[in-house]
Amino acid sequence: MSVLLAVLGFIAIVGALMTITSRNPVHCALWLVLVFIDFAALYVIAGAEFMAAVQIFVYAGGIMLLYLFVIMFVTLKDNLRTEARFHRQWPLVVVLTALFGGVGLALVRFGIAFPGVKGTLTIEAVEASGGNTLALAMLLFDKYIFPFELASVILVVAMIGAVVLARQAAEDVEADAEAEAAQEASEEEEGR
Amino acid sequence: MFAEVDISTFYFALSAVIFLIGMAGLLLRRNLIVVFMSLELMMNAVNLNFIGLSRHLDQIDGQVFAIFVIVVAAAEAVTGLAILVALYKQRESLDIDNFNLLKW
């Protein structure tokens with residue numbers, strides 16, 4: 001088990017590092033998909049099968065597809081490779097990473113009593129009572145029903161916002177195209 | 001050294017490392033799309049921490065929180081990418097150093 005965890009952790013770290021260092025955004029997206037699938041495996045080991053499925057469907061399938069579509073729309077002029085990748089904020093990043101990493105490492109190394117009451121739903125108990133998905137649904141539609149409804153409102157608001165923004169962008173492009181067409185027409189008139 | 005580390009500590013440590021890598025990418029990269037991807041990396045690290053804690057504490061609640069994190073991440077990706085496309089129509093560029101209108 002610990003060998004499997006070590007391999008998965010290694011893949012996750014390498015994939016994350018490649019995600020933030022690759023020059024081409026498409027390569028970044030593909031490395032990020034690798035990290036997502038790797039995380040899904042870690043979720044299965046932690047006994048969260050439903051979350052693993054959601055991770056693959058929603059993240060690797062849905063959100064990354066959206067990213068790849070946007071990359072396709074936006075980088076037509078092949079200006080991906082020539083740009084400098086990083087800006088000059090190395091010192092800030094080194095300081096912040098050392099600070100957060102030091103605190104995190106100290107917490108993990110010296111151990112803290114993670115606050116919180118131990119529940120009764122061990123992986124075995126969940127399996128015995130009908131599986132992870134059933135246990136999750138019982139909790140989500142009972143104790144967390146109000147946040148669940150709120151989540152649907154957030155999604156509708158985000159969808160409306162995205163449609164409005166995309167429509168405005170499309171209308172701008174149409175207006176530009178019409179102006180160009182009108183100018184070309186008037187130039188042709190002058191040519192005659 | 002690795003054998004004596006228990007699984008919960010492994011999950012917390014890995015999520016901390018991935019979160020830091022995502023933060024470094026968020027601060028360092030110039031391409032706006034890759035900055036958004038770093039943000040997704042950080043949210044996934046938080047999800048991993050939630051699920052590791054859910055296993056550590058023998059409670060399912062952490063997995064429910066992870067669902068809500070995914071909902072917010074999806075909403076963020078949709079609106080963020082729509083803003084990105086609108087910005088690209090304005091500036092013909094994705095280099096965040098070009099978006100300096102509000103810079104003092």
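None of the values given here were measured: they were computed from a predicted structure. Below, read A as the first sequence line, B as the second, and so on, with proteins coming before strands; counting in each chain starts at 1.
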Just checking, any donor-acceptor pair under 3.5 angstrom between side chains of B:E40 and A:Y67?
yes
Distance-only polar pair, side chains of B:Q63 and A:N132, donor-acceptor under 3.5 Å:
yes
**Request:** Would you check, one step at a time, whether the test side chain to side chain contact (heavy atoms under 4.5 Å, CB included) holds for B:V64 with A:F148?
**Result:** CA-CA 9 Å; B:V64 179; A:F148 177 78; over 6 Å; no
Name the region of [X], side chain, backbone, both or neither, that has any atom closer than 4.5 Å to a heavy atom of chain A.
{"X": "B:M37", "answer": "both"}
{"X": "B:T79", "answer": "both"}
{"X": "B:V17", "answer": "side chain"}
{"X": "B:L84", "answer": "side chain"}
{"X": "B:F65", "answer": "side chain"}
{"X": "B:I33", "answer": "both"}
{"X": "B:Y11", "answer": "side chain"}

Interface moiety of [X] toward chain B, non-hydrogen atoms closer than 4.5 Å:
{"X": "A:I45", "value": "both"}
{"X": "A:L8", "value": "neither"}
{"X": "A:L136", "value": "both"}

**OP:** Go through B:I51 and A:F39 one step at a time and tell me if the side chain to side chain contact (heavy atoms under 4.5 Å, CB included) criterion holds.
**Re:** CA-CA 10 Å; B:I51 287 174; A:F39 270 30; over 6 Å; no
Cluster overlap [X] with [Y], hydrophobic side-chain contacts below 4.5 Å:
{"X": "A:L4", "Y": "B:I18", "value": "yes"}
{"X": "A:L140", "Y": "A:I145", "value": "yes"}
{"X": "B:V69", "Y": "A:V35", "value": "yes"}
{"X": "B:L39", "Y": "A:F100", "value": "yes"}
{"X": "A:L155", "Y": "A:M51", "value": "no"}

When rounded to the nearest 0.5 angstrom, what is the spacing between [atom1] in [X] and [atom2] in [Y]?
{"X": "B:L41", "Y": "A:L32", "atom1": "CG", "atom2": "CG", "result": "6.0 Å"}
{"X": "A:I13", "Y": "B:L14", "atom1": "CD1", "atom2": "CG", "result": "5.5 Å"}
{"X": "A:T97", "Y": "B:F19", "atom1": "OG1", "atom2": "CZ", "result": "11.0 Å"}
{"X": "A:F69", "Y": "B:L81", "atom1": "CZ", "atom2": "CG", "result": "12.5 Å"}
{"X": "B:F36", "Y": "A:I63", "atom1": "CZ", "atom2": "CD1", "result": "12.5 Å"}
{"X": "B:K89", "Y": "A:F73", "atom1": "NZ", "atom2": "CZ", "result": "8.0 Å"}

Here the pair of heavy atoms bringing A:G101 nearest to B:L20 is CA-CD1, 3.4 Å
Closest heavy-atom pair, A:V93 versus B:A24, reported as atoms and distance to 0.1 Å, is CG1-CB, 3.8 Å
Looking at chain B, which one of [options] has the largest number of heavy-atom pairs inside 4.5 Å, strictly under?
{"options": "A:I154, A:L17, A:V157", "result": "A:L17"}
{"options": "A:V58, A:V54, A:L42, A:V70", "result": "A:L42"}
{"options": "A:G62, A:G15, A:P147, A:S152", "result": "A:P147"}
{"options": "A:A135, A:G161, A:A29", "result": "A:A29"}

For side chain to side chain contact (heavy atoms under 4.5 Å, CB included), just list the numbers for A:L165 and B:V85, CA-CA rounded to whole Å, side-chain angles, deciding distance to a tenth of an Å, and then say yes or no.
-> CA-CA 9 Å; A:L165 279 169; B:V85 169; over 6 Å; no
Problem - Any A:Y59 side-chain heavy atom under 4.5 Å of B:M43 side chain - result: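 Yes, close enough: below the 4.5 Å cut-off.
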Using a 4.5 Å cut-off on heavy atoms from C-beta on, say whether the side chain of A:Y144 contacts that of B:D61.
->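 Yes; the side chains approach each other to less than 4.5 Å.
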Check against side chain to side chain contact (heavy atoms under 4.5 Å, CB included), A:F50 and B:I67: CA-CA 10 Å; A:F50 182 74; B:I67 290 182; 4.1 Å; yes
Checklist entry - Do you know which of B:V35, B:I83, B:V72, B:L48 has the most heavy-atom pairs with chain A at a distance under 4.5 angstrom? => result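 Of B:V35, B:I83, B:V72, B:L48, B:L48 has the most heavy-atom pairs under 4.5 Å with chain A.
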- Query: For the candidates B:V78, B:I60, B:N44, B:I70, which exhibits the highest count of non-hydrogen atom pairs separated by less than 4.5 Å from chain A?
  - Reply: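 Top count of heavy-atom pairs under 4.5 Å with chain A: B:N44.
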**Message:** Could you check whether any side-chain N or O of B:R29 sits under 3.5 Å from a backbone N or O of A:I20, counting only pairs where one atom can act as donor and the other as acceptor?
**Reply:** yes
